[in-house]
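Report on one structure; see the data block that follows.
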Amino acid sequence: NAVEQVADFYLRGTGVQALDAVRNLKRAWSVTISNNPLLVDVSGLTNLESITGGLQIDRNPAVRRLREFPRLATIFSDSPVSLAPNAESR
């Protein structure tokens, strides 16, 4: 069975290149994807619907494009959102 909900999703300092393994993730308290030099594709998060806490995607130099999150309907307004610097913002 695929995991659809987690408290916190952290991916820091890894050799991961893509997020295909979390393609079924729909809900999370927070999502942090940071300092992953080989990560090129974050589209595995396209099914994410709700983030209760914060969203941080930064310092991933091989990420050339942050895809849209078409199902993401909720990021609570008092939650921090950080999406740079990645390669696309340089």
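What you see below is based on every heavy atom in this structure, not just the backbone, and it leaves out hydrogens, waters and symmetry mates.
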Measure the shortest side-chain to side-chain distance between [X] and [Y] over non-hydrogen atoms and say whether it is less than 4.5 angstrom.
X     : Y     : result
Arg23 : Thr46 : yes
Ile33 : Leu19 : yes
Leu45 : Val22 : yes

Inset, instruction - Identify the two heavy atoms, one from Ile51 and one from Gly54, that lie closest to each other, and give their separation to 0.1 Å. - result: CG2-O, 3.5 Å
Inset, instruction - Locate the shortest heavy-atom distance separating Ile57 from Phe69; write the atom from each residue and the value. - result: CD1-CZ, 4.1 Å
Inset, instruction - Indicate if Trp29 and Leu25 have the same hydrophobic cluster label, given that clusters are the connected sets of ILVMFWY residues with side-chain heavy-atom separations under 4.5 angstrom. - result: no
Inset, instruction - State yes or no: do Val31 and Val3 share one hydrophobic cluster built from I, L, V, M, F, W and Y residues joined by side-chain heavy-atom distances below 4.5 Å, directly or via other members? - result: yes
Legend entry - Results of side chain to side chain donor-acceptor pair (under 3.5 Å) for Gln17 - residues two or more places apart only: none
With a 3.5 Å cut-off and sequence neighbours excluded, list the donor-acceptor pairs that the side chains of residues 8-15 form with protein atoms.
| unit_1 | atom_1 | unit_2 | atom_2 | d |
| --- | --- | --- | --- | --- |
| Asp8 | OD1 | Ser30 | OG | 2.6 |
| Thr14 | OG1 | Val16 | N | 3.2 |
| Thr14 | OG1 | Asn36 | OD1 | 2.8 |

Inset, instruction - Let me know which of Glu4, Lys26, Arg27, Arg71 forms a side chain to side chain donor-acceptor pair (under 3.5 Å) with Asn47. - result: Arg71
